[in-house]
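Written out below as structure tokens is the structure these notes cover.
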Amino acid sequence: MTEATAPTDPQALIDRAMAENRLAHALLIHGQNLSVVERFATELSARLLGVQARGDELEEKLFRHPDVFTLRPSKKSRIISVDDTREAIRNIQHSPQAGERKVAMIFEVDRFNTSAANAFLKTLEEPPLNTTILLLTTRPHSLLATIRSRCQLFRLSTAAHTFDDPTAQTWLEAYKKWLEDLLTGGPGGKRSIPHFIIGAYSLIERFSAIIASLGKEAWKTQSKHLPEDMKDDERIALESRISISIRQDFLAAMENATEELARKKLFDDTTVPQKLIESVEALEDSTNLLRLNMKTETVLESYLLRTLRIWTAK
């Protein structure tokens with residue numbers, strides 16, 4: 001199906017599709033920021049079911065609604081298993097209890113394992129009556145092409161999360177200063193290499209502490225509004241996802257910081273554009289490794305040591 005970018009007022013797009021009776025039975029909603037994607041889907045679900053509420057009350061009402069069904073990754077592996085998928089499929093086969101429509105929300109649909117994806121594909125091919133299925137992801141191209149082709153795609157134009165936390169901002173400034181020292185050779189030229197390595201491991205240690213603090217605060221806030229009947233395995237997976245999301249957003253902020261330094265030094269050193277390209281590639285590799293649940297410290301160590309080689313090369 002064709003893909004649309006959500007307008008400033010996404011409800012206008014939904015209203016038009018509903019008025020023209022062309023809202024697909026399955027919507028694949030994706031964007032760069034998963035929190036924004038989930039909020040959009042929550043508000044859309046409320047609209048479809050006629051739930052009247054705002055903010056935290058909206059989530060509480062929606063996830064207690066008898067015609068709302070959710071499927072999430074579970075356990076620390078953060079995989080959507082075939083057993084959980086089949087249970088969700090059975091649940092959405094029932095007739096609506098409170099109105100004329102049901103909504104199924106599939107969080108982080110890219111976390112389907114192969115068996116789960118194939119099982120869910122059959123539901124998309126023969127959807128239950130009066131059911132709207134919302135598939136949420138930041139990685140739509142990780143899904144089976146056959147799943148994507150059976151959905152109406154909505155791409156939300158969202159920017160990556162920015163960090164207002166002062167400790168995160170201080171870290172990013174220290175990271176930029178470290179890069180600048182790599183480029184200029186620091187106060188001791190090549191003799192500064194041990195200093196650069198010590199600086200890298202200092203950044204790693206502080207990074208881990210900041211991520212842990214941000215993750216703890218984010219989980220404290222979000223856990224207050226979770227459905228009471230959410231499975232323990234799903235809670236574990238959600239807490240893990242919050243931490244991973246923060247790490248990935250932090251890497252995006254690091255990319256922005258790297259670009260800022262590159263623009264500043266662009267006319268001072270002709271090698272800067274190539275160094276920027278290689279650094280961004282290294283950050284993308286790091287992001288992919290985090291998605292595989294690799295240890296944060298290991299991923300960041302690999303990136304910083306790779307960056308040290310890139311930015312000290314002449």
Side-chain angles (χ1 to χ4, degrees), residues 1-6 13-14 17-18 21-32 34 36-38 40-42 44-45 48-49 62-63 65-97 100-156 227 230-231 233-234 237-238 240-241 244-245 288 291-293:
M1 293 188 179
T2 58
E3 180 171 21
T5 300
L13 182 60
I14 300 301
M18 293 177 65
N21 196 29
R22 61 179 178 84
L23 187 67
H25 69 273
L27 312 181
L28 176 56
I29 304 171
H30 65 97
Q32 188 177 359
L34 187 59
V36 174
V37 170
E38 292 180 353
F40 179 90
T42 298
L44 172 56
S45 299
L48 291 171
L49 296 173
L62 193 65
F63 291 120
H65 197 287
D67 296 324
V68 173
F69 304 92
T70 60
L71 178 60
R72 302 173 183 266
S74 63
K75 302 180 180 178
K76 286 191 174 181
S77 62
R78 299 179 55 252
I79 293 297
I80 301 179
S81 70
V82 66
D83 290 339
D84 288 345
T85 300
R86 286 171 176 160
E87 181 182 356
I89 291 171
R90 287 194 296 271
N91 289 336
I92 64 176
Q93 300 299 325
H94 300 300
S95 300
Q97 298 183 44
E100 298 180 353
R101 185 190 293 268
K102 298 168 292 178
V103 172
M105 302 174 67
I106 317 300
F107 292 86
E108 294 183 271
V109 67
D110 53 279
R111 302 301 299 178
F112 270 138
N113 64 24
T114 302
S115 298
N118 288 326
F120 197 76
L121 178 59
K122 296 178 182 179
T123 299
L124 292 178
E125 292 171 342
E126 300 177 7
L129 292 175
N130 305 316
T131 304
T132 301
I133 302 172
L134 307 181
L135 296 84
L136 317 180
T137 183
T138 57
R139 305 175 64 206
H141 297 294
S142 296
L143 304 179
L144 294 177
T146 45
I147 287 182
R148 294 199 307 270
S149 67
R150 285 164 174 77
C151 300
Q152 183 176 6
L153 275 62
F154 289 84
R155 176 172 56 85
L156 305 184
M230 178 180 281
K231 299 176 182 177
D233 285 347
E234 290 180 341
L238 181 57
S240 177
R241 191 271 287 172
I244 289 173
S245 179
N288 290 332
R291 291 191 178 113
L292 297 175
N293 288 340

* Under 6.0 Å from the CD atom of Gln93, do we count more than 12 heavy atoms belonging to anything else shown? -> yes

* Quick one: are Gln152 and Leu23 in side-chain contact, heavy atoms under 4.5 Å? -> yes

* With a 4.5 Å heavy-atom cut-off, do Leu44 and Leu27 have their side chains touching? -> yes

* Hey, is the main chain of Ser81 close enough, under 3.5 Å, to the side chain of Asn113 for a donor-acceptor pair? -> no

* Tell me, do Ile79 and Pro73 make a side-chain contact under 4.5 Å, heavy atoms counted? -> no

* To the nearest 0.5 Å, tell me how far His141 NE2 sits from His30 NE2. => 6.5 Å

* Asked: Atom CZ in Arg78, atom CZ in Arg111: separation rounded to 0.5 Å?
  -> 4.5 Å

* To do: Evaluate the side-chain proximity of Val37 to Leu156: yes if any heavy-atom separation is below 4.5 Å, no if none is.
  => yes

* Structure fact -> Here the pair of heavy atoms bringing Thr123 nearest to Pro128 is CG2-CD, 4.0 Å

* Asked: In Å, rounded to the nearest 0.5 Å, how long is the span from CZ of Phe112 to CG of Leu71?
  -> 5.5 Å

* Do you know which two heavy atoms are closest between Asp110 and Ser142, and how far apart they sit? -> CB-CB, 4.2 Å

* Asked: Is it the case that Arg72 places NZ or CZ above or below the six-membered ring of Phe63, under 6.0 angstrom from the centre and within 45 degrees of the axis?
  -> yes

* pair Ser74-Ile80: side-chain heavy atoms closer than 4.5 Å -> no

* **4.5 Å side-chain heavy-atom contact, Lys102 and His94** => no

* Leu134 to Ser45 - nearest heavy-atom pair and separation -> CD1-OG, 3.2 Å

* Hey, could you give me the OG1/CZ distance between Thr85 and Arg90, rounded to the nearest 0.5 Å? => 10.5 Å

* For residues Leu136 and Ile106, determine if any side-chain heavy atom of one lies less than 4.5 Å from a side-chain heavy atom of the other. => no

* **Spacing of Ile147 atom CD1 and Leu135 atom CG [to the nearest 0.5 Å]** => 7.0 Å

* Would a 4.5 Å heavy-atom cut-off, applied to side chains only, mark Glu38 and Phe107 as touching? -> yes

* Asked: What heavy-atom pair brings Leu62 and Met105 nearest, and what distance separates the two atoms?
  -> CD2-SD, 4.4 Å

* State, without any angle test, whether Thr131 and Arg101 hold a side-chain donor-acceptor pair at a distance under 3.5 Å. => no

* Take Leu28 and Leu143, measure what side-chain contact (heavy atoms from CB on, under 4.5 Å) needs, and give me the verdict at the end. => CA-CA 10 Å; Leu28 176 56; Leu143 304 179; 3.7 Å; yes

* To do: Please test Ile29 against Leu153 for side-chain contact (heavy atoms from CB on, under 4.5 Å), starting from the C-alpha separation and ending with a verdict.
  => CA-CA 6 Å; Ile29 304 171; Leu153 275 62; over 6 Å; no

* Structure fact -> Of all heavy-atom pairs linking Ala26 and Leu124, the shortest is CB-CD2, 3.6 Å

